[in-house]
There are 2 protein chains.
Amino acid sequence: MVSYDDYTTDGFEISEIHFDATNLGKWESILCQGNGYMGVRAAHEERYPGERRNLFVAGTYNRFDEHEQTELPNGADLIGLDLGLNGEPFNLIAGTIHDYRRTLNLNNGELGRWITWSTEATGRMHLEFMRFVSLRDLHLFCRRVVVTPLERDVEVVLTTGIDGRMTNSGVSHFSYRSMRAPDEGTLQLMQTTTQSRVAFAFALCDRLQRGREDATVRGHAEGGRRLIRRVYRLRLAKGESLELEQAATVHTDRDRDVDLSTGESLAAVNLAYLRDRADRTYEEHLSASTEAWNAHVWSGAPVHIESERAVDLRALRFARYHLTAITPAHDRRMNIGAKGLSGEGYKGHVFWDTEIFMLPYFTLTTPEVARSLLEYRGHCLPTARRKANENGYRGAMFPWESAWIDDGETTPEYGDVDVHTGEQIRIWCGAIEHHITADVALGVWHYFMASDDQEFMDAVGYEIIFEAAAFWASRLEWDEAQGVYGITDVIGPDEYKEHVDNNAYTNYGAWWCLANALNCAESLRAKRRTLYDRFDRELGLAHAVDVWRDRVSTVYLPKPNGEGIVPQDDTYLSLDQIDLSPYRSAQSPGAIFKELTLAQVGKLQVSKQADVVLLMVIFDELFDARVRKVCLDYYESRTLHDSSLSLSVHSLLAADLGETERAYEFFRRACMIDMGPNMKSSDAGIHAASLGGIWQCVVFGFGGFRPRIDGVLRIRPRLPKAWSELSYSVRWKRRRLDVCVDHRRVHIRVDGDEPAHLDVAGASYTVHRELDLAYEPAAVV
Amino acid sequence: MVSYDDYTTDGFEISEIHFDATNLGKWESILCQGNGYMGVRAAHEERYPGERRNLFVAGTYNRFDEHEQTELPNGADLIGLDLGLNGEPFNLIAGTIHDYRRTLNLNNGELGRWITWSTEATGRMHLEFMRFVSLRDLHLFCRRVVVTPLERDVEVVLTTGIDGRMTNSGVSHFSYRSMRAPDEGTLQLMQTTTQSRVAFAFALCDRLQRGREDATVRGHAEGGRRLIRRVYRLRLAKGESLELEQAATVHTDRDRDVDLSTGESLAAVNLAYLRDRADRTYEEHLSASTEAWNAHVWSGAPVHIESERAVDLRALRFARYHLTAITPAHDRRMNIGAKGLSGEGYKGHVFWDTEIFMLPYFTLTTPEVARSLLEYRGHCLPTARRKANENGYRGAMFPWESAWIDDGETTPEYGDVDVHTGEQIRIWCGAIEHHITADVALGVWHYFMASDDQEFMDAVGYEIIFEAAAFWASRLEWDEAQGVYGITDVIGPDEYKEHVDNNAYTNYGAWWCLANALNCAESLRAKRRTLYDRFDRELGLAHAVDVWRDRVSTVYLPKPNGEGIVPQDDTYLSLDQIDLSPYRSAQSPGAIFKELTLAQVGKLQVSKQADVVLLMVIFDELFDARVRKVCLDYYESRTLHDSSLSLSVHSLLAADLGETERAYEFFRRACMIDMGPNMKSSDAGIHAASLGGIWQCVVFGFGGFRPRIDGVLRIRPRLPKAWSELSYSVRWKRRRLDVCVDHRRVHIRVDGDEPAHLDVAGASYTVHRELDLAYEPAAVV
């Protein structure tokens with residue numbers, strides 16, 4: 001059982017210190033390994049009821065049938081390993097566990113498990129399982145297993161292999177193609193997704209030695225249905241170790257680095273890649289991968305927190321570890337799933353979570369990755385245009401859930417069974433949760449502001465901005481009575497309110513899209529006529545701009561009422577209120593649905609997540625501090641935080657308002673979404689948006705680093721009491737900024753010769769190389 | 001661990017008396033339940049690594065993709081039940097088992113499990129699980145679960161439901177359609193096979209009561225992906241029982257008794273069927289099913305053995321139980337899979353096993369079921385003609401493996417990986433194992449001889465006989481050198497010899513098909529000219545008969561050599577011989593392939609199974625006793641009995657030859673194929689052919705009841721020493737014959753007024769009502 005204060009203070013590790021068969025999913029998800037190309041869920045070698053063995057390769061979506069949405073298919077299992085010890089299977093449900101520890105090293109993604117265990121048949125045994133997915137060689141997975149009987153001789157039957165029988169909860173996505181045992185130590189399995197026809201190759205190479213004799217042990221290959229294994233039989237003397245080292249390679253014909261144009265087969269590529277690496281040891285491969293983690297992740301954008309609670313920094317490392325593991329930085333046709341590559345949840349689909357929660361991290365630490373993620377949206381423009389067209393709109397209407405670049409809208413139509421009606425619940429998001437089209441444009445704009453990447457803007461960014469604006473212009477509905485353009489029948493970020501009119505977040509987003517597109521178009525027409533003319537030819541920009549100009553001033557933007565509350569939508573403030581405390585203090589999200597239906601919840605002042613609060617973080621300059629404070633108090637008390645997209649946003653707004661300790665509490669709770677003691681909420685995978693949110697809380701919230709929508713960079717640090725110092729590095733307009741703050745002083749270093757224009761602690765500075773100044777935290781709001 | 005002598009002597013029960021998590025498959029198969037409509041594998045309620053949960057509905061074949069053969073799809077699981085007890089899952093791998101027994105009642109198919117078990121969290125608990133598939137209501141499955149804490153109060157979380165995530169080894173055959181919880185105690189799941197588009201409906205109704213309060217406990221429904229469950233939470237006081245009774249119904253739109261033409265939905269039919277039965281208790285449903293077992297199975301054709309070893313009779317009951325459970329007697333578009341409805345093995349496909357091994361049991365006990373099985377072959381005639389045509393032959397070439405009536409040949413092209421070459425083994429049976437077309441005709445003829453069912457012959461039987469003959473006439477190849485028609489490049493029954501010429505079994509079968517068809521045609525032309533003319537019009541019979549007459553006398557029929565050995569094929573007797581004793585004494589079939597490849601085995605005098613031996617059982621009148629004895633000795637010593645189609649045939653031939661104790665040894669080994677101590681050989685399902693073989697050993701072998709190919713009924717009993725008396729009943733030419741034999745006397749009773757012409761113990765009798773005579777066993781060969 002993990003609890004927030006259970007973490008020890010040394011090292012960047014996540015450890016399970018007691019084996020717990022009832023909460024496998026928790027650990028499978030939070031100890032998941034990956035390199036953006038593939039994700040391997042942390043299932044145990046031995047098998048347990050309720051386990052989920054997942055190996056996902058990013059972007060290989062497949063649609064099982066016409067009733068299902070496309071999803072990331074669960075590839076062959078490389079982890080399963082059967083260990084017979086004196087005739088009994090090694091399984092921790094049986095026997096006695098004397099010592100158990102499983103640790104994920106967040107620095108390099110190595111997962112280790114060390115067990116001392118006994119049964120009557122075996123006496124005490126020591127077992128060690130180590131594994132990692134290489135960040136150096138994206139197609140490579142390595143494992144090392146050491147088995148040592150401590151008390152008596154043990155007959156060992158070890159079976160390892162490639163198991164292609166995996167499904168996504170019973171849905172199989174693969175046509176079996178072939179298997180073989182090409183040589184003494186190697187196995188290979190080929191399979192192809194049934195609909196998208198992505199060919200997968202898996203190869204596995206074993207090296208099994210007996211410690212004492214230093215002699216290689218040979219096994220024999222066995223084929224089954226969609227399954228190829230190798231079985232080793234040996235007798236281990238007391239104290240003698242069996243050492244198995246394995247390297248496995250995974251390829252698909254969708255991989256950009258696989259070239260089959262020469263006529264080479266995927267099977268041959270897959271095997272050659274393995275053979276090229278087969279003579280290196282587990283340790284050698286691990287060193288290379290560890291170097292890659294340092295080079296690509298840690299050294300480029302270090303963050304350090306001096307906190308009374310070491311878990312704060314560990315949570316940040318946890319977030320960055322997983323963000324790296326789940327992000328397909330290698331391929332701009334791919335993006336980050338809401339559960340990354342760590343579970344079947346949300347079918348590997350991409351949501352607004354990317355732009356609002358994860359993208360800022362990449363934009364400010366590895367802008368090349370951010371660009372890749374945004375280029376994915378560019379690749380999706382044709383299907384976004386199709387969706388707009390099918391719905392009677394213009395421009396690009398980004399899908400609520402997206403998958404492969406040409407899949408279009410992939411939101412399922414139905415969800416769980418309503419416990420009250422007995423019928424499955426209709427999911428409306430794909431049809432009416434429209435704000436994502438503003439979120440994508442916001443992501444583009446923030447990236448441009450931070451990166452100055454004009455090339456990207458010319459190639460992709462402006463087109464997204466213009467097409468988003470075109471969508472919104474067509475989406476607006478004239479309200480004759482009010483004399484404004486409104487937006488009716490939507491879902492805002494708060495998904496407990498379906499079919500609402502004038503959701504504030506949605507309306508402000510639409511308005512901003514129009515305003516920003518207008519600015520961009522006018523600037524292009526003035527300064528870059530050729531490009532402007534191209535867009536005019538392709539998108540009818542000149543006419544569109546006229547429409548936008550007309551609309552932008554008449555979009556209905558909900559204003560604070562007399563008490564300073566910006567209404568979430570036209571009806572929210574008039575809904576009934578109930579005592580939410582039982583649900584707010586519930587162990588698990590969604591507790592309210594045990595008592596009420598979604599329709600009933602829709603008629604109450606109950607929010608799933610940040611909505612107006614998010615609006616006030618994103619468009620902070622539009623609302624004065626009093627309004628933001630009132631809204632934070634009002635809405636937070638009505639929010640169940642039933643989404644992982646909620647707590648970090650609340651932390652950011654509280655930090656913005658100078659309520660630093662309140663912000664810190666939200667932050668601590670946000671860190672607990674995956675790392676915390678709720679043993680069920682991560683079953684379907686880690687919460688990618690929450691990971692991005694953790695980094696934002698640290699750098700944007702407490703670090704006070706905030707790239708504003710208008711391109712101004714504001715740095716207003718406000719550390720929680722538990723922290724004595726925070727330092728972080730970001731990339732800003734092609735420079736590296738190193739910021740170090742404590743409760744009194746802020747120190748900023750700018751690399752290169754160009755000065756940086758910064759708004760620091762409430763005053764403007766032009767910083768040449770370095771700025772060091774004292775600040776008064778209380779004054780910084 | 002079952003061993004042959006472990007069975008107790010009372011009752012018709014198969015019991016597992018120690019829980020064994022390493023051999024789940026054995027018990028899942030041999031304790032499997034079914035009623036011919038559906039088969040439910042005996043997986044446990046709680047989940048274990050390596051388990052196989054199977055629910056098959058006969059005849060619902062589906063083809064996953066173009067690379068796979070069609071197979072019986074694994075329907076939703078109704079068995080899985082999660083039981084949380086004071087926070088820990090009930091699982092026998094954990095805790096301490098104080099008492100365990102699982103018993104299948106072979107009389108009515110009820111499976112019970114009684115466990116006393118404890119953990120630190122729960123103290124001692126008593127658990128009882130009872131279930132059956134109704135033979136009265138073919139769509140009905142019932143279960144009763146009783147949980148009683150013996151030492152302390154226990155918090156129980158019980159989760160039951162319908163789990164549609166099942167696959168066939170990772171191959172999912174269903175499109176999910178819908179789920180609902182239509183009322184307080186009921187759940188329903190709908191799914192449709194992906195390619196054959198067979199709609200399935202599953203409904204489950206719970207009634208949960210607390211023993212002490214006699215009050216109904218309510219649960220709440222929960223939907224998951226392809227999964228709908230109901231969760232009950234209650235606290236049981238020490239000594240108080242929870243009693244769960246469940247009824248479940250399964251329907252498909254392929255069912256003959258489901259009429260959707262009125263516009264009623266399958267879901268409604270499925271639910272109405274359940275609701276019609278929901279007010280009856282488990283015991284009431286069980287009584288109705290038990291009556292059906294008595295009426296349809298036991299009372300019609302009783303068999304009794306007085307043996308020193310009670311297991312002999314139990315084995316026979318085991319065989320008849322499973323033959324009933326796996327035979328789709330309700331639908332003539334269906335037949336018996338080689339593994340019945342008890343496992344994924346052979347994909348639910350139908351082989352020659354039906355006609356040669358299982359059909360005689362039905363022909364002589366329930367001829368209406370035999371007719372249904374043969375009508376299946378009639379339904380398959382169009383695809384058998386297509387197969388003949390595609391291979392350049394005429395008439396009907398029955399598929400080696402068949403499934404749904406219009407699927408045609410369904411033999412997979414590749415099997416396991418050869419451990420030596422590392423490549424998958426090519427399976428040639430679908431292409432060149434041709435003898436099945438004679439086997440089907442033999443089955444038709446034996447049925448006709450036993451039943452006098454002229455109506456069947458006119459409608460289906462003659463057509464099969466003529467079309468089989470037409471195939472063989474076109475299949476024969478003229479051997480100029482020998483001046484005979486031979487058959488080259490086949491696999492005979494002995495599948496360790498591929499691509500052989502003139503397999504004796506095949507050639508004799510082809511010859512018999514021609515001779516028998518010729519007789520039938522000539523008899524029809526002489527006596528039933530209208531029917532003959534119809535066949536002439538439809539099949540060109542007049543011309544065909546000329547061809548058959550020409551061929552029948554020139555088919556090459558291998559004759560005994562100087563030593564009396566009939567060569568299995570042209571080369572067998574010249575192949576190398578090796579010492580087979582290590583493989584013959586191996587625990588598991590196929591041991592030879594750990595050392596040799598199939599190609600190497602093909603070059604040795606090694607047989608997988610009865611081949612010439614089977615020839616001599618089927619066509620016994622063609623070979624004198626000396627030749628048969630020589631051949632039995634010669635081939636048996638070269639046979640590994642690696643097929644379940646071998647031992648019973650050897651027993652029959654040994655019995656025919658008066659080698660009764662040898663026959664008894666083969667019989668005992670045949671009984672052990674499923675019931676015996678080999679813990680792995682039944683994993684993929686029970687061996688249907690072996691079940692039929694057990695009955696044949698008893699009635700045909702020791703009972704000496706043998707309907708000869710020429711229509712003469714011969715009764716030559718020869719009891720093994722261990723048996724003091726054997727009585728059996730059969731249906732013969734629309735009469736019931738009751739035969740009772742001991743070592744000295746045979747007593748035969750014939751019902752009705754018509755006399756029966758019988759060859760008993762070597763002499764001919766016309767029996768009116770009764771015959772009682774002494775016989776000399778030694779003289780009866």
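Naming convention: chains lettered A, B, ... in sequence-line order (proteins, then strands); numbering from 1 in each chain.
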Basic-acidic side-chain contact under 4.0 Å: B/Arg226, A/Glu68: yes

Under a 4.5 Å cutoff for heavy-atom pairs, which residue among B/Gln424, B/His220, B/Gln188, B/Lys594 has the most contacts with chain A? B/Gln424

With chain B, which of A/Gly224, A/Ser169, A/Gly84 has the greatest number of heavy-atom pairs at distances under 4.5 Å? A/Ser169

If you measure from NZ on A/Lys347 to CZ on B/Arg225, what distance do you get to the nearest 0.5 Å? 3.5 Å

Chain B contact via A/Thr194 - which portion, at a heavy-atom distance below 4.5 Å: side chain

Portion of A/Glu66 that has a non-hydrogen atom of chain B nearer than 4.5 angstrom: side chain

With a 4.5 angstrom heavy-atom cut-off, is it the side chain or the backbone of A/Asn91 that approaches chain B, or both, or neither? side chain

A/Arg426 atom CZ, neighbour heavy-atom count above 12 within 6.0 Å: yes

Pairs of heavy atoms under 4.5 Å with chain A: top-ranked of B/Ser172, B/Ser178, B/Ala21: B/Ser172

Against chain B, label A/Ile228 side chain, backbone, both or neither, depending on which of its atoms sit under 4.5 Å from a heavy atom there. side chain

Okay, B/Thr167 and chain A: the region with an atom under 4.5 Å from a heavy atom over there is side chain

More than 12 heavy atoms of other groups within 6.0 Å of B/Tyr346 OH: no

For B/Arg218, I'd like to know if atom CZ has over 12 heavy atoms of other residues, nucleotides or ligands within 6.0 Å. no

Out of B/Ile93, B/Val417, B/Asp183, B/Asp416, which one racks up the most heavy-atom pairs below 4.5 Å with chain A? B/Ile93

Name the member of A/Glu222, A/Arg180, A/Glu46 that forms the most heavy-atom pairs with chain B at distances under 4.5 Å. A/Arg180

Cut-off 4.5 Å, heavy atoms of chain B, and the answer for A/Thr22 is side chain

Between B/Ala94, B/Gly95, B/Pro89, B/Ser175, which has the largest tally of heavy atom pairs under 4.5 Å with chain A? B/Ser175

With only heavy atoms counted, which part of A/Tyr176 is less than 4.5 Å from chain B, the side chain, the backbone, both or neither? both

CG on B/Asp65 to CZ on A/Arg177, rounded to 0.5 Å: 8.0 Å

Please classify the contact between A/Phe174 and chain B as side chain, backbone, both or neither, with a heavy-atom cut-off of under 4.5 Å. backbone

The reported gap from CD in B/Glu88 to CG in A/Asp20 (rounded to nearest 0.5 angstrom) is 9.5 Å

